Amino acid sequence: MEKSKRNLKALIAQMTLEEKAGMCSGADFWHLKGVERLGIPSVMVSDGPHGLRKQEEAGDHLGINDSIRAVCFPPAALSACSFDRQLVQEMGERIGKEAQAENVSVVLGPAVNIKRSPLCGRNFEYYSEDPYLSGEMAAACISGIQSQRVGTSIKHFAANNQEYNRMSCSSEVDDRTLREIYLPAFETAVKKAQPKTVMCSYNQINGTFASENHWLLTEVLREEWGFEGYVMSDWGAVNERVPGLAAGLDLEMPSSGGVGDREIVQAVKDGTLDEAVLDRAVERILRVVFDYADNRREEAFDLEGDHAFAKRAAEESMVLLKNEGMLPLQDTENVAVIGGFAKTPRFQGGGSSHINSFRVDSAWDSLSGRANVTYAQGFSAVEDIYDEALAKEAVEAAKRADKAVVFAGLPDSFESEGYDRKHMRLPQCQNRLIKEIACVQPNLAVVLHNGSPVEMPWLGDVKAILEAYLGGQAGGSAVADLLYGKANPSGRLAETFPLKLQDNPSYLNFGEGDQVEYREGVFVGYRYYEKKDMQVAFPFGHGLSYTTFAYANIRLSADTATDKDTVTVSVDVTNTGAVSGKEVVQAYVKDLTGMAKRPVKELKGFEKVSLQPGETKTVEITLCPRSFAWYHIGLHSWFIGSGKYEILVGSSSADIRQSITLTMQSAQRLPLHLHMNTTIGELLADDRTRELGKKLKQKMDAFFGGAGAEVPEGAEGEAISDEMGEAIALAAPLRNLSGFGICTKEQILEMLAEYETLST
């Protein structure tokens with residue numbers, strides 16, 4: 001039947017209660033149930049976010065069993081560093097085509113949980129510490145995959161920021177922090193790209209499991225954001241099936257062997273579950289099932305073409321962290337390549353997203369053909385063992401060469417789904433050997449293979465650092481081209497690299513016990529380091545190039561805006577170097593109103609621009625009203641205060657090149673809550689009560705003799721200052737006026753009554 005003519009409600013009316021309940025759980029590990037007599041097909045879902053992990057037999061969710069041979073694109077930790085929506089969307093399109101070729105209806109991704117701590121074992125699957133960047137990348141990925149009429153399942157909804165005890169722990173997060181940090185990436189993706197499904201996380205949020213959290217799955221996701229698809233559980237995330245269904249969890253995965261189905265049937269029969277709730281869930285599931293089935297097509301699985309794209313994506317995303325004139329390497333130079341990762345790259349993380357790559361490029365595959373390049377293993381890529389003989393060979397090779405490049409990184413066992421890292425260190429054997437090589441070879445570069453930040457005790461001893469992250473199956477050849485300048489680095493860090501683990505804002509409140517308190521609030525990543533004015537190894541948004549860029553002529557589409565307006569910031573960017581390159585122009589907003597405790601600045605826009613030597617382009621970034629807002633807990637809504645906002649544009653969060661000020665004239669006003677403990681300072685701070693504040697302060701000053709009153713000599717006089725008197729007056733609650741006999745309580749209440757209409 002044509003989709004346009006299919007009546008899902010009529011179809012559901014023909015289903016038995018048992019068939020409807022059955023639609024709400026998997027048929028097995030990867031398939032949804034079908035109903036053959038009604039023409040409802042059984043469809044397949046499959047991991048993963050950076051490539052297809054299709055398992056036909058003996059399915060598992062942790063990558064233990066083999067899947068089909070496929071293409072491993074750069075994982076999210078790297079692709080986010082591209083800051084390139086178009087690139088990520090094209091990656092999604094290719095994954096969608098692969099899914100069509102393999103008859104997969106929904107790809108289980110992307111994953112957008114915020115990188116609260118560098119220790120989270122699954123950080124390699126997540127985009128960023130920043131919710132704006134995460135949301136933009138996710139929306140691009142979803143748009144790409146779903147352009148091929150294959151669904152996506154954005155995950156893990158929500159506040160799933162650690163692996164320790166992930167199936168039962170409770171993330172204790174206040175509303176403002178949830179709204180500003182942990183929910184916006186999901187919100188952006190839903191509103192911009194409308195994923196076909198959302199996957200709820202294992203954990204509890206403030207004591208309620210995500211799988212049965214009505215506020216999360218219905219009130220926020222559907223009623224506020226307008227989500228139209230179905231919600232599925234993470235594999236094994238269901239706590240109580242019937243309460244979960246009532247809360248908005250439509251599909252339980254994987255199969256529960258009929259247990260959940262029977263509970264649903266019984267609940268409908270005994271009246272504890274309205275059958276209309278079940279019907280609604282089935283309709284949501286069927287809408288997605290038929291959207292795929294009705295648009296099923298034959299598609300070629302272009303392994304070689306996708307491999308070539310994977311290389312380009314890696315080149316566009318890898319980040320040149322440091323370069324003191326050492327890179328790019330020259331063909332005439334004798335170069336020593338050192339480290340097991342050069343021949344055995346770690347190119348993806350472990351667990352449910354693990355791709356069975358049909359081919360893997362190592363850097364050595366590309367470098368070994370060069371006459372002036374030699375190799376010494378130095379250390380293994382899979383274990384932390386210092387081998388004296390291998391180390392000696394590596395040091396000697398480095399000493400003989402003009403330059404040396406060490407390929408270092410985290411072995412598979414150091415980070416994976418299922419557990420968190422205990423520290424941020426590289427294997428000790430690697431740190432030791434890098435130090436030893438630096439003593440004999442001043443021209444030393446390090447290439448890093450890791451899913452999240454590492455400490456670098458040798459940071460000051462090396463000339464260059466290339467952060468390759470986990471580069472996907474073509475990452476090795478991408479590294480080789482970047483080292484020799486065949487490609488120009490253009491990646492930017494999607495997360496801050498702290499100097500040491502203890503600097504991280506979640507350090508004292510991460511990964512322990514049944515409850516995890518998010519005490520750092522909205523101050524996650526660069527928001528924290530900047531507020532603390534803390535030195536970091538490499539800031540958010542940082543990345544170098546083999547060319548240089550100049551910024552000039554920043555301007556706004558309007559100097560004044562309302563809380564309903566969009567504003568465009570424009571800046572001219574020029575390539576001032578000798579080679580072509582790409583710059584990531586980043587726009588941050590700084591709130592100067594002082595109305596709330598906010599980060600120093602927050603990323604609210606970015607664009608990647610390609611420039612030839614000497615070329616200038618105008619980059620435009622549009623800021624919507626939400627760019628200026630913060631979440632007010634009392635209002636249960638976003639709030640924009642009137643006043644000044646600074647727009648800062650630059651090459652990283654720490655490298656601001658241009659700034660300009662915008663005046664916001666907001667119609668939003670905070671409600672007045674006037675009472676006997678309201679202070680005089682609070683009255684003076686609000687233009688609606690400023691005159692009353694002045695009047696009462698005059699009374700207070702007169703009572704205490706005023707700022708110009710005669711001050712006693714001696715010790716008594718030394719204890720009193722104008723600043724002290726002013727501070728006491730501003731902090732005085734109105735009840736003090738009554739207590740000091742300046743005004744009666746009745747007089748104060750009468751004055752406040754005049755402002756009653758401003759209190760709502």
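Since this is a predicted model, take the numbers as computed values, not measurements.
- Of all heavy-atom pairs spanning Ile264 and Cys24, the tightest one is CD1-CB, 4.2 Å.
- With respect to the salt-bridge test (charged N to carboxylate O, under 4.0 angstrom), the residues Arg37 and Glu19 qualify.
- Not counting sequence neighbours, Asn123 has no partner by the side chain to side chain donor-acceptor pair (under 3.5 Å) test.
- No side-chain donor from either of Arg122 and Ser353 sits under 3.5 Å from a side-chain acceptor of the other.
- Across every non-hydrogen atom of Pro625 and Lys564, the tightest pair is CG-C, 3.8 Å.
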| said: Show, in sequence, the C-alpha distance, side-chain angles and deciding distance for Glu417 and Ser352, and conclude whether the side-chain hydrogen bond (donor to acceptor under 3.5 Å, both in side chains) test is met. | reply: CA-CA 7 Å; Glu417 178 179 353; Ser352 61; 2.8 Å; yes
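- Residue pairs meeting the salt bridge (Lys or Arg N to Asp or Glu O under 4.0 Å) criterion with at least one partner in residues 77-91, sequence neighbours excluded, are Arg85-Glu136, Arg85-Glu607, Glu90-Arg94, Glu90-Arg312.
- In this structure, Glu224 places its CD atom where more than 12 heavy-atom neighbours from other residues, nucleotides or ligands lie under 6.0 Å away.
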| Could you go step by step and tell me if Ile355 and Phe73 meet the side-chain contact (heavy atoms from CB on, under 4.5 Å) rule? | CA-CA 9 Å; Ile355 308 300; Phe73 298 98; over 6 Å; no
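- Checked against a 6.0 Å centroid threshold, the rings of Phe209 and Tyr202 do not count as neighbours.
- Residues meeting the ring-ring contact (aromatic ring centres under 6.0 Å, His included) test with Phe83, sequence neighbours left out: Phe606.
- Counted by atom type alone, Asn509 and Ser506 present zero donor-acceptor pairs between their side chains at under 3.5 Å.
- A donor-acceptor contact under 3.5 angstrom links the side chains of Ser666 and Asp563, judged on distance only.
- Judged as a salt bridge (Lys or Arg N to Asp or Glu O under 4.0 Å), the pairs with a partner in residues 622-638 (not counting sequence neighbours) are, in order, Glu187-Arg626.
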| For Gln55 and Trp30, what are the C-alpha separation, side-chain angles and deciding distance, and is it a side-chain hydrogen bond (donor to acceptor under 3.5 Å, both in side chains)? | CA-CA 8 Å; Gln55 293 179 310; Trp30 296 116; 3.2 Å; yes
| Under the side-chain hydrogen bond (donor to acceptor under 3.5 Å, both in side chains) criterion, do Tyr518 and Ser171 qualify, and how do the steps go? | CA-CA 7 Å; Tyr518 288 46; Ser171 300; 3.3 Å; yes
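- Residues satisfying the salt bridge (charged side-chain N to carboxylate O under 4.0 Å, His left out) test with Glu219, not counting sequence neighbours, are none.
- Ion pairing of Glu125 with Lys115 is absent here, as no side-chain N (NZ or NE/NH1/NH2) approaches a carboxylate O to less than 4.0 Å.
- The side-chain contact (heavy atoms from CB on, under 4.5 Å) check on Ala139 picks up Lys192, Ala193, with sequence neighbours excluded.
- The aromatic rings of Tyr631 and Trp638 lie perpendicular to each other, with more than 60° between the two planes, well past the 30° mark.
- Under a 3.5 Å cut-off, the side chain of Asp291 and the backbone N or O of Arg287 do not form any donor-acceptor pair.
- A donor-acceptor pair is defined here as one N or O able to donate and one able to accept, closer than 3.5 Å; no such pair exists between the side chain of Asn161 and the backbone of Arg116.
- Residues passing the ring-ring contact (aromatic ring centres under 6.0 Å, His included) test with Tyr230, sequence neighbours excluded: none.
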| Full working for side-chain contact (heavy atoms from CB on, under 4.5 Å) between Val45 and Met253 | CA-CA 10 Å; Val45 301; Met253 289 299 289; 4.2 Å; yes
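- Nearest heavy-atom pair across Gly109 and Pro49 is CA-CG, 4.2 Å.
- Nearest heavy atoms, Pro118 versus Ser452: O-OG, 3.3 Å.
- A salt bridge does not link Arg166 with Asp234: every distance from a Lys NZ or Arg NE/NH1/NH2 to an Asp or Glu carboxylate oxygen is 4.0 Å or more.
- In this structure Trp215 satisfies the ring-ring contact (aromatic ring centres under 6.0 Å, His included) test with no other residue, sequence neighbours excluded.
- The minimum heavy-atom distance linking Gly511 with Tyr164 is given by the pair O-CD2, 3.0 Å.
- A donor-acceptor pair shorter than 3.5 Å can be found between the side chains of Asn103 and Tyr292.
- If you take CZ on Arg69 and CG on Leu52, they are separated by 14.0 Å, rounding to the nearest 0.5 Å.
- In this structure, Lys191 places its NZ atom where more than 12 heavy-atom neighbours from other residues, nucleotides or ligands lie under 6.0 Å away.
- Considering only residues two or more places apart in sequence or on other chains, Ser25 meets the side chain to side chain donor-acceptor pair (under 3.5 Å) condition with Lys33, Asp261.
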| task | Run the numbers on Arg149 and Gln100 for side-chain hydrogen bond (donor to acceptor under 3.5 Å, both in side chains), then give the verdict. | result | CA-CA 8 Å; Arg149 304 311 290 261; Gln100 278 281 8; over 6 Å; no
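- Residues satisfying the side chain to side chain donor-acceptor pair (under 3.5 Å) test with Ser128, not counting sequence neighbours, are none.
- Partner of Pro195 under the side chain to side chain contact (heavy atoms under 4.5 Å, CB included) criterion, out of Val106, Val107, Ile154: Ile154 alone.
- Asp514 CG: 12 or fewer foreign heavy atoms inside a 6.0 Å radius.
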| Taking it one step at a time, do Lys20 and Glu275 satisfy side-chain contact (heavy atoms from CB on, under 4.5 Å)? | CA-CA 10 Å; Lys20 289 190 291 187; Glu275 191 167 359; 2.6 Å; yes
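- For the ring-ring contact (aromatic ring centres under 6.0 Å, His included) condition, no pair includes a residue of residues 241-275, sequence neighbours left out.
- Judged as a ring-ring contact (aromatic ring centres under 6.0 Å, His included), and not counting sequence neighbours, the contacts of Phe628 are Tyr645.
- Contact between Ala21 and Val265 at its shortest, heavy atoms only, is CB-CG2, 3.7 Å.
- Within 6.0 Å of CZ on Arg296 lie more than 12 heavy atoms contributed by other residues, nucleotides or ligands.
- Ionic pairing of Arg241 and Glu263 is not present here: no N-O contact between side-chain nitrogen and carboxylate oxygen is shorter than 4.0 angstrom.
- With salt bridges taken as basic N to acidic carboxylate O contacts below 4.0 Å, one links Arg222 and Asp250.
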